[in-house]
Amino acid sequence: MSTLRFHALKQISTRKPVEVQEPHRRSEIYATNVFNKKAMRQFLTKTSFNSLMDAIEKGTKIERHLADYISTGMKEWAISKGVTHYTHWFQPLTGSTAEKHDAFFDIDDDLSAIEKFGGSALVQQEPDASSFPNGGIRNTFEARGYTAWDPTSPAFILGTTLCIPTVFVSYTGEALDYKTPLLRSLQVLDSAATKVVQYFDKKVKKVNATLGWEQEYFLIDKDLANSRPDIMLSGRTLLGHAPAKGQQLDDHYFGSIPSRILNYMRDLENECMLLGIPAKTRHNEVAPNQFELAPIFEEANLAVDHNLLLMDVMDKVAERHNFKVLFHEKPFAGVNGSGKHNNWSLATDAGVNLLSPGATPMKNLQFLTFFVNTIKAVHDYEELIRAAIATASNDHRLGANEAPPAIISVFIGSQLDEVLNELEKVTDGKLSPQEKTELKLNVVGKIPEILLDNTDRNRTSPFAFTGNKFELRAVGSTANCSNAMTVINTIVARQLEEFKKEVDALIATENMKKDDAIFNVLREYIKASKKIRFEGDGYGDAWEKEALKRKLSNNKTTPVALKAKISPLAIDLYTRMGVMNEVEIQARYDIEMEEYAKHIQIEGRVLGDIARNHIIPTAIRYQNILIENVKGLKDIYGDSFKTYAEEQLRIIEAISGHIAKINKATTQMIDARKKANKLTCIEEKAMMYCDEVKPYFDDIRYHCDKLEVLVDDELWPLTKYRELLFTH
């Protein structure tokens, strides 16, 4: 292994930046590999184009005979670009994407070869999907799962394959993917938000959720990655002593981007442009060899698809540049981990951001309505939000020195906090003319001024208002954004429905004017949700004690957090809103619990293998060298040899001590794992892996890392942190 390590370091010394050809203007190539409006107009008939646009914009169904015209046009467009195959591109419950490629090639009745792609192949496909996680929705031998075209997300070309975004459902109609519940949540949010926004603008017919994600990642040389079994098999370093220099100087953050990395980014952004991913921002992140890419905001469904596509493209481009992308939330101990901040907002069909204040008190009342309702929704369903971002890998990051804690809270800034405190004092019932004037001019009217220069940011808040959007900062870098966005969309939709009922009731039964009713309801929501608002530092015991007083949940581990997904509150929410039924809810809980157990199981196996097959033999080899040295000193100095061999003997004893503790802890970990594996209840198994297997990881690591600083560097088998983090 040490030979592999030094070979990798030698290879890196000869690396040169890969040359990248960039267009003169990015706009020239943007979305050229996407079947967008421009391509549709060129390759579709007017009738089929209008039908497809109605499906995208209004949600109408596409008639089957028109699907044939659309598929033909799509095929001709794809073939003109060198495409030979097509696939239904979907999001199974593995967290990543899946695809099965079929050729356009077919044999006609007269045995002649043709290019064929009919409407039925576009609209629906039946992959052999028995091995995907299904959470008991169907038996393994019942392989039927159907992918159905999602026209709201445009088809695109990847390599020589036409990729058609689809949903994935079972034979009986249950969702087997993350996209289907997301689309349902977007639909109910549109319905609820449109009804509320019509209090302020009757012309609005549709409201879209928008999403702007920020993808953080680490980039290391692929030869260094290949020299670490833990990185290759678990995505993170299970061992590794902290280097003398880490991120303490903050010299990497926003620093000059190294040449090899920059060329990788340039190449990646070219691919993004071709695929219509509106990549906008790139920069160094806080930790060494950590970086970020962020796009322009898009409609949430498309943004989710683009993020999943990006992660796939990042891996492919990295291969060309001899890099390995690490998406794990905490690949290196002691330095910042990676998140995927989800910036969420609402926009009308006229392009108005409902979470952005306007020029008039009425526009600001509209802003306050959606602002306060969102906070109330987070307050009522904070445990469900925590469950949506819970994974084995994200557990390492949440609550660490750079990430939000596992306690969900809302940060809005001190000035907006004062505005809500003022609104809390609104008179119960009808407002006097003087109160209305004072409220609209002195409180509501000042909101644009407050936000104009409000640059206050709280890096430790899981859910922060950042000017014209809410930023869910706790989402992990490996995550499919669908999970978190489905929750946010659904809880806000539910809250807006309740809001409208209460406002309409006050107007009807109390004969209140609309503004009075809105202010009265908002006042009660501000009071009811006050405990979720937190303006302080999210780190440390002080906040945990305060959160306990406020009765906020603090679900620190994934198995505990996931239980909120099958709570009566969650089941009532999803079933009432039509986003998921009880079977789908339970399936996701079972799948995610099982996934957690499997992740810890894999890490335990890898750690045990490295500890016993790499670390201990290396330590013994170095110990034997020291023993030979001591024997030589004894031969020379006789009984007084200990005077000259004192340090060698101390190191020999220390090595023996660490070896013994590693071996003992590894044996205990394996025994605990065997007990966990015998459990048939997936919930019990996940809890046992969490509580009784995982705790051994830190003990084994501690003693292995101690050996790293004792053993000769020339013998050490694993590439060290200083090499992984500071070699470009």
Side-chain angles (χ1 to χ4, degrees), residues 1 228-243 246 328-335 337 391-401 403 406 541 556-560 596-623 650-679 684-711 715-721 724:
M1 282 295 293
R228 294 280 310 215
D230 47 358
I231 290 178
M232 296 307 296
L233 296 175
S234 70
R236 74 179 181 106
T237 55
L238 299 172
L239 305 171
H241 194 276
H328 194 287
E329 283 78 1
K330 200 76 172 177
F332 303 103
V335 298
T391 62
S393 53
N394 207 22
D395 280 358
H396 293 284
R397 170 178 166 265
L398 294 179
N401 62 309
D541 295 337
K556 293 186 177 182
T557 65
T558 289
V560 173
Y596 177 87
K598 286 178 177 178
H599 271 289
I600 305 303
Q601 181 190 64
I602 290 168
E603 288 191 348
R605 287 174 172 172
V606 173
L607 182 57
D609 170 60
I610 295 174
R612 283 188 165 163
N613 293 324
H614 300 287
I615 304 302
I616 290 177
T618 300
I620 291 172
R621 191 177 306 124
Y622 181 60
Q623 191 178 51
R650 184 188 63 78
I651 295 172
I652 289 169
E653 290 172 6
I655 289 173
S656 292
H658 290 305
I659 288 173
K661 287 173 180 175
I662 291 168
N663 200 49
K664 180 181 179 182
T666 302
T667 299
Q668 291 171 331
M669 177 190 70
I670 291 170
D671 289 343
R673 205 171 67 224
K674 287 178 180 177
K675 289 180 182 177
N677 290 340
K678 291 179 181 178
L679 296 174
E684 292 176 4
K685 181 182 286 189
M687 290 300 297
M688 190 166 184
Y689 264 105
C690 180
D691 296 336
E692 298 187 36
V693 177
K694 190 169 173 284
Y696 287 109
F697 291 10
D698 288 340
D699 192 24
I700 294 168
R701 177 175 193 147
Y702 173 82
H703 293 288
C704 288
D705 290 355
K706 286 296 182 183
L707 285 175
E708 183 179 328
V709 296
L710 287 175
V711 171
L715 296 178
W716 194 252
L718 300 180
T719 304
K720 296 189 174 184
Y721 266 35
L724 292 166

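Separating the OG1 atom in T666 from the CG atom in D699 is a distance of 9.0 Å, to the nearest 0.5 Å. I615 contributes atom CD1, which lies 12.5 Å from atom NE2 of H658 (distance to the nearest 0.5 angstrom). To the nearest 0.5 Å, atom CG of residue L710 and atom CG of residue D705 are 11.5 Å apart. Distance check, rounded to the nearest 0.5 Å: CD1 of I651 to OG of S656 gives 12.0 Å.
Judged by distance alone, the side chain of E329 and the main-chain N or O of R397 form no donor-acceptor pair under 3.5 Å. Using modelled atom types, one side-chain atom of D230 and one backbone atom of L238 make a donor-acceptor pair closer than 3.5 Å. Side-chain N or O atoms of K674 include none that pairs as donor or acceptor with a backbone N or O of M669 at under 3.5 Å.
Here the closest non-hydrogen pair linking I659 and A619 is CD1-CB, 3.9 Å. Counting all heavy atoms, side chain and backbone alike, R228 lies closest to L718 at NH1-CB, 3.7 Å. Y696 approaches Q668 most closely through the heavy-atom pair CE2-OE1, 3.3 Å. Of all heavy-atom pairs between T391 and T558, the closest is O-OG1, 2.9 Å. The two residues C704 and A611 have their closest heavy-atom pair at SG-CB, 4.3 Å. Between I600 and A392 the shortest heavy-atom distance is CD1-CB, 4.1 Å.
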Self-check item: CA sep, side-chain torsions, deciding dist, call: L233, R605, side-chain contact (heavy atoms from CB on, under 4.5 Å)
Solution: CA-CA 10 Å; L233 296 175; R605 287 174 172 172; over 6 Å; no
Self-check item: Trace of the side-chain contact (heavy atoms from CB on, under 4.5 Å) decision for K720 with H241
Solution: CA-CA 7 Å; K720 296 189 174 184; H241 194 276; over 6 Å; no
Self-check item: Criterion side-chain contact (heavy atoms from CB on, under 4.5 Å) on T237 and R701, from CA distance to verdict
Solution: CA-CA 10 Å; T237 55; R701 177 175 193 147; 4.3 Å; yes
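If you run side-chain contact (heavy atoms from CB on, under 4.5 Å) between R612 and each of T667, I662, I700, only T667 comes through.
Salt-bridge formation is not detected for the pair E603/K694: no Lys NZ or Arg NE/NH1/NH2 atom is positioned less than 4.0 Å from an Asp or Glu carboxylate oxygen.
Counting heavy atoms from C-beta on, the side chains of I231 and L724 come closer than 4.5 Å. Proximity of L607 to L239: side-chain heavy atoms (C-beta onward) are separated by under 4.5 Å at one or more points. Counting heavy atoms from C-beta outward, M688 and K675 have side chains that approach closer than 4.5 Å. A 4.5 Å side-chain heavy-atom check between Q601 and R673 finds at least one atom pair inside the cut-off. Taking 4.5 Å as the limit, every side-chain heavy atom of D395 sits out of range of all side-chain heavy atoms of H599.
Between Y689 and Y596, the ring center distance fails the sub-6.0 Å criterion.
The aromatic rings of F332 and Y721 sit perpendicular, their planes meeting at an angle over 60°, well past the 30° parallel limit. A tilted orientation is assigned to the rings of H396 and H328, their planes being inclined by 30° to 60°.
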